[in-house]
Amino acid sequence: MASKKQRPAKLSVYLYIPNIVGYMRVLLNCIAFAVCFSNKTLFSLLYFFSFCCDAVDGWCARKFNQVSTFGAVLDMVTDRVSTACLLVILSQIYRPSLVFLSLLALDIASHWLQMYSTFLSGKTSHKDVKDSTSWLFRLYYGNRMFMGYCCVSCEVLYIILFLIAKNHTENLMNVLVESLTQFSPLFLLLALSIFGWSIKQIINVIQMKTAADVCVQYDIEKQHKP
């Protein structure tokens with residue numbers, strides 16, 4: 001009887017409104033990457049719309065009081081996988097490809113360590129960094145506008161690079177220099193995106209180091225327990 005009572009509760013969490021939005025994001029990304037080379041414009045629209053839905057599911061979670069651990073994990077996994085897929089595509093278009101593969105590794109490693117260290121420290125959210133010694137790290141997770149700017153900048157920069165690539169053997173620096181020397185709306189958008197992207201990468205490094213320190217401290221305390 002106990003197992004029967006638990007099933008509706010589990011199903012209700014899976015069917016939380018923000019989680020349903022999360023499933024829609026996954027579907028949108030699947031369609032987007034399926035058409036990425038045949039229709040760049042459609043890909044960009046679907047990808048960016050899916051990215052924007054990240055804010056929608058967070059709003060729904062707070063509005064309807066449907067915050068869940070599953071939803072938080074689904075949200076982060078969707079973000080990381082979609083960005084990783086786009087970075088892999090860019091690594092096949094631009095040279096040197098190691099630039100994008102390195103960004104992919106940094107993004108996944110820093111967020112995975114952050115999530116793991118969150119559970120080790122007994123916190124309920126990976127965004128709880130009030131005890132961090134880095135003011136930039138605290139500002140990033142403590143100010144939604146600042147975090148939104150950094151995240152949007154990354155995704156916009158990657159989408160722009162994908163859209164302006166003319167072939168599969170582009171030199172990254174040549175394309176950036178050429179685009180930035182042409183004073184146009186694209187120049188302004190690129191400049192703003194690169195600035196926010198740069199801050200996001202610095203934060204990823206801080207996040208990885210901070211999370212690694214938490215893991216190491218956990219090991220030290222565990223060894224000294226009687």
Answer yes or no: are there more than 12 heavy-atom neighbours, outside [X] itself, under 6.0 Å from its atom [atom1]?
{"X": "Y14", "atom1": "OH", "result": "no"}
{"X": "M24", "atom1": "CE", "result": "no"}
{"X": "F195", "atom1": "CZ", "result": "no"}
{"X": "Y23", "atom1": "OH", "result": "yes"}
{"X": "D131", "atom1": "CG", "result": "yes"}
{"X": "R138", "atom1": "CZ", "result": "yes"}

Any non-hydrogen side-chain atom of [X] less than 4.5 Å from a side-chain atom of [Y]?
{"X": "V88", "Y": "F33", "value": "no"}
{"X": "I164", "Y": "S179", "value": "yes"}
{"X": "D75", "Y": "R25", "value": "yes"}
{"X": "F162", "Y": "F43", "value": "yes"}
{"X": "D54", "Y": "D57", "value": "yes"}
{"X": "M115", "Y": "F119", "value": "yes"}
{"X": "Y94", "Y": "L161", "value": "yes"}
{"X": "S38", "Y": "V35", "value": "yes"}

Hydrophobic cluster membership, [X] vs [Y], 4.5 Å side-chain cutoff:
{"X": "L163", "Y": "L86", "value": "yes"}
{"X": "L90", "Y": "L180", "value": "yes"}
{"X": "V152", "Y": "Y47", "value": "yes"}
{"X": "V205", "Y": "V129", "value": "no"}
{"X": "F100", "Y": "V175", "value": "yes"}

Spacing of [atom1] belonging to [X] relative to [atom2] belonging to [Y], to within rounding of 0.5 Å:
{"X": "S193", "Y": "L188", "atom1": "OG", "atom2": "CG", "answer": "9.0 Å"}
{"X": "D79", "Y": "C151", "atom1": "CG", "atom2": "SG", "answer": "7.5 Å"}
{"X": "L113", "Y": "Q207", "atom1": "CG", "atom2": "CD", "answer": "8.5 Å"}
{"X": "S153", "Y": "L189", "atom1": "OG", "atom2": "CG", "answer": "9.0 Å"}
{"X": "L101", "Y": "L87", "atom1": "CG", "atom2": "CG", "answer": "8.5 Å"}
{"X": "R62", "Y": "C60", "atom1": "CZ", "atom2": "SG", "answer": "9.5 Å"}

Indicate the atoms forming the closest heavy-atom contact of [X] with [Y], along with that distance.
{"X": "R80", "Y": "D107", "answer": "NE-OD2, 2.7 Å"}
{"X": "K40", "Y": "C36", "answer": "CG-O, 3.7 Å"}
{"X": "A165", "Y": "E170", "answer": "C-OE2, 3.7 Å"}
{"X": "N19", "Y": "L74", "answer": "O-CD2, 3.9 Å"}
{"X": "G71", "Y": "S68", "answer": "N-OG, 3.0 Å"}
{"X": "N171", "Y": "N174", "answer": "OD1-N, 3.1 Å"}

- Message: Apply side-chain contact (heavy atoms from CB on, under 4.5 Å) to residues K209 and D213 and explain how you reach the verdict.
- Response: CA-CA 6 Å; K209 177 61 169 61; D213 286 344; 2.8 Å; yes

- Item | Any donor-acceptor pair under 3.5 Å from Y149 side chain to L192 backbone |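 Yes.
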
- Message: Any side-chain to backbone donor/acceptor pair from Q66 onto I17? Under 3.5 Å, distance only.
- Response: yes

- Item | Which residues share a side-chain contact (heavy atoms from CB on, under 4.5 Å) with F146, sequence neighbours left out |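 Listed in chain order: L136, L139, Y140, N143, C150, I199, I203.
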
- Ring center gap for Y141 and F137 short of 6.0 angstrom: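 Yes - the distance between ring centres of Y141 and F137 falls below the 6.0 Å cut-off.
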
- Message: One pair to check against side-chain contact (heavy atoms from CB on, under 4.5 Å): I89 and Y158. What are the steps and the verdict?
- Response: CA-CA 10 Å; I89 289 174; Y158 296 151; over 6 Å; no

- Q201 vs W197, side-chain contact (heavy atoms from CB on, under 4.5 Å): CA-CA, chis, key distance, verdict: CA-CA 6 Å; Q201 304 318 306; W197 169 87; 3.3 Å; yes

- Where does the angle between the aromatic ring planes of W59 and F64 fall among parallel (under 30°), tilted (30 to 60°) and perpendicular (over 60°)? perpendicular

- Give the intermediate values and the outcome of side-chain contact (heavy atoms from CB on, under 4.5 Å) for residues N29 and L46. CA-CA 7 Å; N29 279 321; L46 290 174; over 6 Å; no

